[in-house]
A.B. asks: 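This is the structure I want to talk about, given as structure tokens.
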Amino acid sequence: VSAGVAGGNDFQWCFSQVKGAIDEDVAEADIISTVEFNYSGELLATGDKGGRVVIFQHEQESKNRPHLRGEYNVYSTFQSHEPEFDYLKSLEIEEKINKIRWLPQQNAAHFLLSTNDKTIKLWKISERDKRAEGYNLKDEDGRLRDPFRITSLRVPVLMPMDLMVEASPRRIFANAHTYHINSISVNSDHETYLSADDLRINLWHLEITDRSFNIVDIKPANMEELTEVITAAECHPHQCNVFVYSSSKGTIRLCDMRAAALCDRHSKFFEEPEDPSSRSFFSEIISSISDVKFSHSGRYMMTRDYLSVKVWDLNMENRPVETYQVHEYLRSKLCSLYENDCIFDKFECCWNGSDSAIMTGSYNNFFRMFDRNTRRDITLEASRESSKPRATLKPRKVSTGGKRKKDEISVDSLDFNKKILHTAWHPKDNVIAVAATNNLYIFQDKIN
Amino acid sequence: RASEQNTEEKMISPEKAEEAKLKARYPNLGNKPGGSDLLRKRLQKGQKYFDSGDYNMAKAKIKNKQLPTAAPEKTEITGDHIPTPQDLPQRKTSLVTSKLAG
């Protein structure tokens with residue numbers, strides 16, 4: 001179903017929907033911090049800095065024309081996390097949702113894991129479309145009846161009611177992370193999941209909240225000797241004993257849980273050799289990996305560092321098999337990007353369903369897509385201006401040379417406050433969700 | 001040939017040029033191991049200056065007496081009085097429905 005996606009003659013992206021307020025003043029709580037489709041693509045979840053989760057559900061446009069793409073409408077919304085204060089350490093714990101990961105669906109209900117810096121929660125989202133009526137001990141409005149007045153018994157009956165979607169926290173996995181959680185990943189065994197913070201990775205069983213196994217610990221005995229932190233981690237999509245974690249030094253370690261209980265020693269170590277003569281103050285900072293994602297096939301993994309996306313073959317540790325430049329023109333702006341902290345922005349990346357294309361965000365509400373087969377790439381923009389129904393998105397270009405062509409934008413005109421850090425690709429179709437600060441854009445391929 | 005060589009030497013990578021710019025603005029940068037400074041800052045995210053331990057210990061000692069409070073026309077909280085919860089800026093509640101859902 002997923003075709004080539006990068007700006008070919010026959011393929012175009014067009015606007016579908018945008019969610020969120022239009023006002024210029026963006027409340028910090030409304031900033032979207034994570035976006036994730038579920039396994040079927042039917043549900044799309046977002047988390048924000050205010051600790052809230054909003055779930056959208058895909059609805060068919062019409063039953064008569066199933067080939068026409070429907071829309072995503074609000075299905076459920078709830079407050080997942082609230083701000084806390086750790087009195088022992090004088091630490092403020094943000095309610096910001098760092099990651100949401102769906103569990104594979106096993107029954108009528110949907111389950112997802114959401115996490116802030118310290119606590120992971122398992123949420124159950126279920127539908128209720130029936131209500132019991134005709135209770136013996138209480139009235140229809142809930143008031144208790146006087147038991148002495150009841151002279152006969154009746155059997156309550158189930159009556160249809162308006163659909164209600166309820167979210168309830170089923171498990172709370174707390175107090176296992178001293179440092180800030182950056183990743184959670186559900187294992188392919190559907191029973192366990194891992195959570196990673198700056199220095200440690202824990203393995204949990206979904207049913208057990210009072211215990212977790214520590215499987216990676218890179219905390220040095222002397223904190224003065226700290227040289228790198230864990231930036232992201234993910235379980236292998238098929239091999240439940242394998243997981244990877246990336247570091248702030250641009251390395252990835254693949255670990256096998258069958259080899260040892262504590263996976264401090266990696267099975268594979270992925271690092272691209274660096275030319276020592278080109279090393280600068282910025283080298284380590286821009287090599288820090290902000291996201292790591294396995295391909296759906298499980299044969300490759302993709303890493304995102306500040307300026308590029310790299311695809312690695314799990315069988316080749318010494319260098320990536322593909323490297324894509326996201327915004328190379330920023331290399332000559334690193335000084336100011338360091339001063340305004342943008343150099344520390346953590347961009348995510350994602351694969352399409354068939355692993356033939358990858359997507360990642362940039363600044364000025366631009367996002368980039370790379371077709372791995374044709375090697376074509378495209379830059380698109382999430383903006384209100386191009387938000388007319390079914391409007392085709394026009395490719396954007398940043399001018400790097402002296403002469404700026406018409407329709408190009410110069411590097412100095414880019415808005416570095418408009419960051420696309422979070423994007424998601426539907427697991428089966430050419431539908432993408434792009435978070436632009438407080439707005440969620442949904443784009444899809446043009447239907448002929 | 002000599003002029004060619006000179007041009008090559010003058011052409012530094014954009015990254016190194018940016019590094020030179022940064023070092024010119026912040027001469028002390030990178031004197032300590034830069035990596036661990038940045039990393040430690042990252043690990044300490046969320047640290048607040050209001051020390052609840054101070055406040056509670058002082059409260060326990062003084063018991064019935066009033067804690068020193070800020071002057072009514074305070075301009076800023078000074079170091080010689082213990083901040084109380086009333087002095088701290090109110091934290092906005094986040095129990096509002098997301099605008100994505102509306």
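A note on names: the letters A, B, ... follow the listed sequences, proteins ahead of strands, and every chain is numbered from 1.
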A.B. asks: Nearest 0.5 Å, what's the NZ-OG distance between A:Lys49 and B:Ser98?
C.D. replies: 14.5 Å
A.B. asks: Which residues pass the side chain to side chain donor-acceptor pair (under 3.5 Å) test with A:Glu328, not counting sequence neighbours?
C.D. replies: A:Arg331
A.B. asks: How close do A:Val74 and B:Ala101 get, counting heavy atoms only, and between which atoms?
C.D. replies: CG2-CA, 3.6 Å
A.B. asks: Taking all heavy atoms of A:Lys333 and all of B:Glu18, pick out the closest pair and write down the distance.
C.D. replies: C-OE1, 3.2 Å
A.B. asks: Could you tell me whether A:Asp25 atom CG has more than 12 heavy atoms of other residues or ligands within 6.0 Å of it?
C.D. replies: no
A.B. asks: Rounded to the nearest 0.5 Å, how far apart are CG of B:Leu39 and CD of A:Glu284?
C.D. replies: 7.0 Å
A.B. asks: How long is the gap from CD1 on A:Ile32 to CG on B:Leu100, to the nearest 0.5 Å?
C.D. replies: 4.5 Å
A.B. asks: Side chains of A:Thr231 and B:Arg42, heavy atoms from C-beta outward: is any pair under 4.5 Å?
C.D. replies: yes
A.B. asks: Using non-hydrogen atoms only, which part of A:Phe344 is less than 4.5 Å away from chain B: side chain, backbone, both, or neither?
C.D. replies: side chain
A.B. asks: Once side chain to side chain donor-acceptor pair (under 3.5 Å) is applied, do any residues pair with A:Asp30, and if so which ones, sequence neighbours excluded?
C.D. replies: A:Arg52, B:Lys99
A.B. asks: For the interface with chain B, which of A:Lys19, A:His180, A:Glu228 has the highest count of heavy-atom pairs at distances below 4.5 Å?
C.D. replies: A:His180
A.B. asks: Please rank A:Tyr338, A:Phe56, A:Phe282 by heavy-atom pairs under 4.5 Å with chain B and give me the top one.
C.D. replies: A:Phe282
A.B. asks: Quick one: what part of A:Asp117 sits under 4.5 Å from any heavy atom of chain B, side chain, backbone, both or neither?
C.D. replies: side chain
A.B. asks: With rounding to the nearest 0.5 angstrom, report the OG to CD1 distance, A:Ser280 to B:Ile12.
C.D. replies: 11.0 Å
A.B. asks: Heavy-atom distances under 4.5 Å only: say whether A:Glu339 touches chain B with side chain, backbone, both or neither.
C.D. replies: side chain
A.B. asks: Within a reach of under 6.0 Å around CG of A:Asn175, are more than 12 heavy atoms found that belong to other residues, nucleotides or ligands?
C.D. replies: no
A.B. asks: Is it the side chain or the backbone of A:Tyr75 that comes within 4.5 Å of chain B heavy atoms, both, or neither?
C.D. replies: neither
A.B. asks: Answer with side chain, backbone, both or neither: which region of B:Ala17 has an atom nearer than 4.5 Å to a non-hydrogen atom of chain A?
C.D. replies: neither
A.B. asks: Looking at A:Asp48, A:Thr77, A:Ile286, A:Leu334, which makes the most heavy-atom pairs under 4.5 Å with chain B?
C.D. replies: A:Leu334
A.B. asks: Testing the 3.5 Å rule here: is there a donor-acceptor pair between the side chains of A:Ser278 and B:Glu15?
C.D. replies: no
A.B. asks: Could you state the interatomic distance from CG (B:Leu38) to CD1 (A:Ile285), rounded to the nearest 0.5 Å?
C.D. replies: 5.0 Å
A.B. asks: Which bit of A:Leu337 is near chain B, if near means a heavy-atom gap under 4.5 Å: side chain, backbone, both or neither?
C.D. replies: neither
A.B. asks: Using non-hydrogen atoms only, which part of A:Ser283 is less than 4.5 Å away from chain B: side chain, backbone, both, or neither?
C.D. replies: both
